[in-house]
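In what follows, a single structure is set out as structure tokens and then discussed.
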Amino acid sequence: MANVSGKFAIVGLGETVVGKRPEASTNSLHLEAIRNCLEDAGIKASQVDGFLTNQPLNDAHRSYAVRLAHMAGIDPTFATDLALGGATPVALVQHAVMAINAGMANTVMCVHARKRSTPDPTPGYAIRTGDEHWEQPWGHFSAVATHAFAAQRHMYEYGTRSEDLAEIAVATRKHACLNKNATMRKPITVSDHQQSRMIAEPLRLLDCSLESDGGGAVLVTSAERARDFPKTPVLILGMGQHHPHFSLKDAPSLTTLGGKKSSEAAYRMAGLSPKEMNFAEIYDCFTITTLITLEDYGFCAKGEGKDFVKGGRIEIGGELPVNTHGGLLSQAHLEGMLHVTEAVKQIRGNEVEAERQVPNAALGIVSGHGGNLCMHSTLILGAV
């Protein structure tokens with residue numbers, strides 16, 4: 001895969017309105033994102049021949065990619081759905097590159113949507129989480145509990161404090177306040193964070209991401225074919241994955257995760273370094289995830305994340321703007337799909353509110369993080 005850097009591009013994007021969408025279903029949110037993506041790319045569904053989507057959180061939607069593709073009017077020569085948790089949206093783009101490179105498709109729709117803020121009207125839809133044999137019997141059945149372990153360990157090893165995590169929540173909310181399609185648009189302070197209730201020690205309410213309805217999509221094709229599309233393409237320069245364990249009890253570390261090897265692979269493919277990134281869209285299911293990923297991605301040394309996130313460094317106008325759309329913490333939790341669409345917008349330029357446009361945004365990195373800290377995917381995107 002080392003020779004694919006810059007040979008493939010994202011040529012379209014689509015987002016839905018996010019937040020509480022009681023009128024919508026999982027299917028309709030996917031289709032809404034697809035329609036908006038096709039409109040942005042200036043093509044018809046019949047011109048798409050590859051289809052990738054997330055796997056719904058239930059057993060009622062087998063062959064979901066094929067079902068959804070035909071609901072959207074797409075007749076795919078390549079299709080599948082992926083289940084890598086929050087690493088899925090980035091992995092969708094990676095699989096699209098591999099499929100086109102292998103000659104299995106020419107233009108691939110990557111779509112991801114969730115219906116988690118309000119009940120899904122689809123019959124048989126239910127969510128199952130956790131490990132019913134080894135973890136649930138002992139009270140470990142939530143994402144916040146898993147990430148609380150990581151936060152506690154980081155605090156033990158490096159002296160990180162809850163107030164340090166608050167800096168991430170405050171900066172992310174500041175960006176969401178500039179985004180018209182964000183759920184949480186009321187500014188918060190470090191004091192607000194510290195006064196928010198404890199959910200799973202040491203993580204407070206404002207350390208936790210949202211439950212959201214919504215979706216997003218991107219269209220991937222070759223850089224050569226990208227010239228035929230109306231909008232400026234965004235090149236896919238680097239990709240990586242690493243899945244260091246499955247169950248938390250088998251994790252080799254709680255303070256260095258899959259992002260280290262995953263980002264190293266992406267930097268290597270792109271021939272770039274952390275210092276060259278103009279912005280970062282970092283998976284932020286919890287504030288501790290952002291902090292650990294910034295360290296794993298080489299933006300600061302291990303243990304120095306608590307200082308790196310202070311002083312406006314991760315805000316727009318700072319050294320490394322992070323989650324310029326508000327992230328999972330304040331825009332919407334759609335397992336990072338809008339991290340990908342936001343990165344595309346930033347690089348295309350003049351597609352977001354002027355106050356949150358990163359100046360000279362030519363290179364950006366996107367992370368995906370899933371499961372019990374066990375899955376990770378990385379994408380480096382760049383301007384033509």
Side-chain angles (χ1 to χ4, degrees), residues 10 54 82 84-95 97 110 112 143 147 150 154 168 171-172 175 209 216 218 234 236-244 253 255-270 272-300 302 305 308-309 314 320-347 358 361 363-382:
I10 294 173
N54 57 302
L82 303 181
L84 290 174
T88 300
V90 168
L92 294 176
V93 177
Q94 295 172 348
H95 279 69
V97 168
C110 303
H112 189 294
H147 290 77
H154 204 280
I168 296 169
T172 307
H175 297 160
S209 56
V218 293
V234 172
I236 299 165
L237 301 178
M239 308 188 301
Q241 288 189 23
H242 185 218
H243 316 296
S253 169
T255 56
T256 297
L257 304 175
K260 185 176 188 300
K261 289 186 178 180
S262 180
S263 64
E264 287 172 350
Y267 290 133
R268 187 165 54 248
M269 181 183 290
L272 297 168
S273 69
K275 293 182 179 180
E276 295 173 271
M277 298 298 108
N278 301 126
F279 65 91
E281 308 297 348
I282 301 294
Y283 197 86
D284 57 332
C285 50
F286 302 94
T287 52
I288 187 62
T289 315
T290 305
L291 188 144
I292 290 176
T293 305
L294 287 169
E295 295 175 346
D296 286 350
Y297 275 34
F299 292 114
C300 58
K302 184 56 65 177
F308 183 84
V309 298
I314 63 171
L320 182 74
V322 173
N323 294 342
T324 51
H325 54 322
L328 308 180
L329 289 170
S330 286
Q331 187 198 20
H333 189 314
L334 303 176
E335 294 189 331
M337 190 68 218
L338 302 190
H339 286 60
V340 179
T341 55
E342 173 72 8
V344 175
K345 289 180 183 180
Q346 288 286 345
I347 293 172
V358 175
L363 291 169
I365 194 164
V366 186
S367 76
H369 160 99
N372 294 322
L373 315 172
C374 62
M375 298 176 283
H376 201 96
S377 55
T378 309
L379 200 62
I380 295 177
L381 302 176

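Residue numbers start at 1 and run along the sequence shown.
- With hydrogens and angles ignored, the 3.5 Å screen pairs no side-chain donor or acceptor of Ser262 with any backbone N or O of Gly259.
- Pairing each heavy atom of His147 with each of Thr289, the nearest pair is CD2-OG1, 3.3 Å.
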task: Please assess Val322 against Thr172 for the test side-chain contact (heavy atoms from CB on, under 4.5 Å), listing each intermediate value before the final yes or no.
output: CA-CA 8 Å; Val322 173; Thr172 307; 5.9 Å; no
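- Looking at every heavy atom in both residues, Leu320 comes nearest to Met277 through CD1-O, 3.9 Å.
- Identified under the salt bridge (Lys or Arg N to Asp or Glu O under 4.0 Å) test for residues 330-347, with sequence neighbours left out: Glu15-Lys345, Arg114-Glu335, Glu342-Arg356.
- In this structure, Leu84 and Gln241 have side chains that are in contact, with non-hydrogen atoms separated by less than 4.5 Å.
- In this structure the side chain of Asn323 never reaches within 4.5 angstrom of the side chain of Leu329, judged on heavy atoms.
- Between Cys285 and His369, some side-chain heavy-atom pair lies under the 4.5 Å cut-off.
- Under the salt bridge (charged side-chain N to carboxylate O under 4.0 Å, His left out) criterion, Glu281 pairs with no residue, sequence neighbours left out.
- Aromatic rings of His376 and Tyr297 (six-membered ring for Trp) have centroids within the 6.0 Å cut-off, being under it.
- Counting heavy atoms from C-beta outward, Ile236 and Ile10 have side chains that approach closer than 4.5 Å.
- Annotation: side chain of Phe308 is in contact with side chain of Ile314 (closest heavy-atom distance under 4.5 Å).
- Annotation for Lys261: atom NZ does not count as buried by contact number, only 12 or fewer foreign heavy atoms lying within 6.0 Å.
- Under the 4.5 Å side-chain criterion, counting only non-hydrogen atoms from C-beta, Leu381 is not in contact with Gln346.
- Counting heavy atoms from C-beta outward, Asp284 and Ile168 have side chains that stay 4.5 Å or more apart.
- A donor-acceptor pair under 3.5 Å links the side-chain atoms of Gln94 to the main chain of Thr378, judged by distance alone.
- Sorted pairs that involve residues 323-332 and meet salt bridge (Lys or Arg N to Asp or Glu O under 4.0 Å), not counting sequence neighbours, are lacking altogether.
- A 4.5 Å side-chain heavy-atom check between His242 and Lys260 finds every atom pair outside the cut-off.
- Note that OH of Tyr267 and CD1 of Ile365 are 3.5 Å apart. Values are rounded to the nearest 0.5 Å.
- Salt-bridge check for Glu264 with Arg268: failed, with every basic side-chain N at 4.0 Å or more from each acidic carboxylate O.
- Side chain of Ser377 to main chain of Ala87: a donor-acceptor pair is present (N/O by atom type, distance under 3.5 Å, no hydrogens or angles).
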